[in-house]
Amino acid sequence: KTYYTIAQHDYQVLVISNTNRYPIRATVVAKGPLKQFQLPSNDGGYNEHLYYEGKNIAFALSDDQLVILQQSKMPLAEELYRFREKLVKSLQKNLSSGNAGTLIAMITGEKQYLEEETKTDYQESGISHLLAISGTHLSILILGVYRSLRKGKVSYGKASIISAVVLCCFSIMSGMSVSTLRAGAMVLLFLLSQYLGMNYDAYTGMAVAGFYLLMVNPNCILSMSAQFSFLAVFGAVTGGKLIKKYLGRLHPLGSTFFISFTIMLFILPLSLYYSYQFSIYQVLLNTLILPTAGVLLGLGMMGGILGTMVGAMGKVLLLPCDFLLSLYEILSKWTLTLPKAIQITGCPALWKIVIYYVVLISILMFRRKNKKQ
């Protein structure tokens, strides 16, 4: 089946069809009975209604024949879709089947090729963030483009504009998820600061990105992806600033461990609220994996793109990716075999979550105030 999302006044409708793919941004007519999304029948079950409400999708509709009134208004999106299909085929051709699906999810945001066992292992071990397009992905791609242009003596202005265009194209190609839009908005602000010759503040970037997302879709605040994305990046930025202010120069592994720990502190209540459990070794696992994640994504992007043009060159660059992904799988399975790897806590009450964040933020603000004095 093929799934489409179409606009209908102030909300969207998910259309499920058996027909061939229709052009992106075409104007269509779909007829059929509307289906409401289901609430979970048991506590902790999949909340279909909440998931789609966060995407501003109100109903689902089954229709085997859409009527096109107007062809695509966005030919660029069509070209980017075709390029993504070539990229997927390149990765499938040059990687083992299981690892190909994982790298496709990391680079393009397309999760239909991801094996269910791998997805479960990543979620339970606490590294599922690698499967979502995030600031790490965009930083590697866009800042790599920006720095390459600057080394080529391109001016700050032109380098920022070209990098911003690449960012927009990549965001469209990868599906414009909430985490992608959040990361994209923050990277765009960084590029703007470079263009204007100003300092970039990550907290301001998060605030502007959050305001933008709420303006586009106020319901995104209900999205689990948005909540995890903002809290995780808040934890990462806070961890980085704490290291700079209080801990001085740490070994790179020590910095990674500390930042992973601060991220866990910020997302822990959400993990318990949505999944009733958390991985006790996730900080250790992220410390082992994150130092090589940039290499994996960088080589994966270059290898996938070169594989669409020169298959042999793409295969050479993707060999290390195959090794790293296999290593990630082994490490994630290993941590799940350790004693008490998964702690099942149940769902905490909302008032406990509020108190937790109030105490956490109060401690951080108190330390900052003392530092100023």
Side-chain angles (χ1 to χ4, degrees), residues 84 87-137 139-141 174-175 177 179-180 224-225 228-229 232 236 252-253 256-257 259-261 263-264 267 271 274-275 277-305 307 314-344:
R84 188 178 75 172
L87 189 60
V88 167
K89 291 178 181 178
S90 169
L91 294 173
Q92 287 176 324
K93 180 180 178 181
N94 295 316
L95 287 167
S96 59
S97 58
N99 289 338
T102 306
L103 194 56
I104 288 169
M106 291 180 178
I107 293 177
T108 69
E110 182 58 71
K111 294 183 174 60
Q112 65 171 320
Y113 305 101
L114 180 65
E115 292 184 354
E116 194 62 35
E117 182 182 358
T118 301
K119 181 180 178 182
T120 302
D121 287 341
Y122 274 50
Q123 288 175 337
E124 291 187 347
S125 60
I127 57 172
S128 60
H129 57 87
L130 293 174
L131 302 175
I133 304 295
S134 64
T136 304
H137 300 67
S139 296
I140 291 169
L141 175 63
S174 60
S177 67
S179 60
T180 303
M224 181 174 66
S225 299
F228 271 101
S229 180
L253 282 179
T256 304
F257 181 87
I259 290 175
S260 297
F261 180 72
I263 292 173
M264 188 201 70
I267 67 172
S271 298
Y274 285 113
S275 62
Q277 65 181 31
F278 75 100
S279 170
I280 198 169
Y281 300 109
Q282 62 179 291
V283 175
L284 171 63
L285 183 58
N286 277 288
T287 302
L288 296 174
I289 284 178
L290 287 179
T292 60
V295 176
L296 170 66
L297 293 171
L299 289 177
M301 289 176 183
M302 289 189 293
I305 293 172
K315 191 173 184 65
V316 170
L317 289 176
L318 290 172
L319 280 175
C321 298
D322 230 342
F323 170 77
L324 287 173
L325 289 169
S326 298
L327 180 62
Y328 291 0
E329 185 72 15
I330 292 170
L331 289 173
S332 63
K333 289 181 181 296
W334 170 68
T335 57
L336 292 175
T337 63
L338 296 175
K340 299 182 179 180
I342 302 296
Q343 295 294 310
I344 300 176

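- Sorted by first and then second residue, the salt bridge (charged side-chain N to carboxylate O under 4.0 Å, His left out) pairs involving residues 107-116 (not counting sequence neighbours) are Arg84-Glu110.
- When every heavy atom of Ser125 is checked against every heavy atom of Thr335, the shortest pair comes out as CB-OG1, 3.8 Å.
- Taking 4.5 Å as the limit, every side-chain heavy atom of Cys321 sits out of range of all side-chain heavy atoms of Asn99.
- Under a 3.5 Å cut-off, the side chain of Tyr281 and the backbone N or O of Pro339 do form a donor-acceptor pair.
- Counting heavy atoms from C-beta on, the side chains of Ile104 and Gln92 come closer than 4.5 Å.
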> Could you walk me through whether Asn286 and Thr256 pass the side chain to side chain donor-acceptor pair (under 3.5 Å) check?
Replying inline: CA-CA 8 Å; Asn286 277 288; Thr256 304; over 6 Å; no
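- Closest non-hydrogen pair, Ala236 versus Ile259, comes out as CA-CG2, 3.9 Å.
- Pairing each heavy atom of Leu297 with each of Met106, the nearest pair is CD2-CB, 4.0 Å.
- Side-chain atoms of Asp322 and Leu318, non-hydrogen and from C-beta on, never get closer than 4.5 Å to each other.
- For the atom pair CG of Leu325 and CD1 of Ile330, the computed distance is 11.0 Å after rounding to the nearest 0.5 Å.
- For residues 287-299, the set of pairs meeting the side chain to side chain donor-acceptor pair (under 3.5 Å) definition, not counting sequence neighbours, comprises Thr292-Tyr328.
- Residue pairs meeting the salt bridge (charged side-chain N to carboxylate O under 4.0 Å, His left out) criterion with at least one partner in residues 329-340, sequence neighbours excluded, are Glu117-Lys333, Asp121-Lys333, Glu329-Lys333.
- The closest donor-acceptor contact from the side chain of Thr102 to the backbone of Gly98 lies under 3.5 Å.
- You'll find the side chain of Ile263 stays beyond 4.5 Å of the side chain of Gln282, heavy atoms only.
- In this structure, the side chains of Leu336 and Ile342 come closer than 4.5 Å at one or more pairs of heavy atoms.
- Atom OG of Ser275 and atom CE of Met224 lie 8.5 Å apart (nearest 0.5 Å).
- For the atom pair CG of Leu114 and NZ of Lys119, the computed distance is 7.0 Å after rounding to the nearest 0.5 Å.
- Summarising the geometry, atom CE belonging to Met264 is positioned 9.5 Å from atom OG belonging to Ser271; distances are rounded to the nearest 0.5 Å.
- The distance from atom CG of Leu91 to atom OG1 of Thr108, rounded to the nearest 0.5 Å, is 7.5 Å.
- Ser332 places no side-chain N or O within 3.5 Å of a backbone atom of Tyr122 that could act as its donor or acceptor partner.
- Taking each heavy atom of Ser90 and Gly304 in turn, the nearest pair found is OG-O, 3.0 Å.
- Note: Ile127 CD1 to Leu290 CG = 9.0 Å, rounded to the nearest 0.5 Å.
- Within the 4.5 Å cutoff, no side-chain heavy atoms of Ile289 are placed close to those of Leu327.
- Considering every non-hydrogen atom in both Ser279 and Glu124, the closest pair reads CB-O, 3.1 Å.
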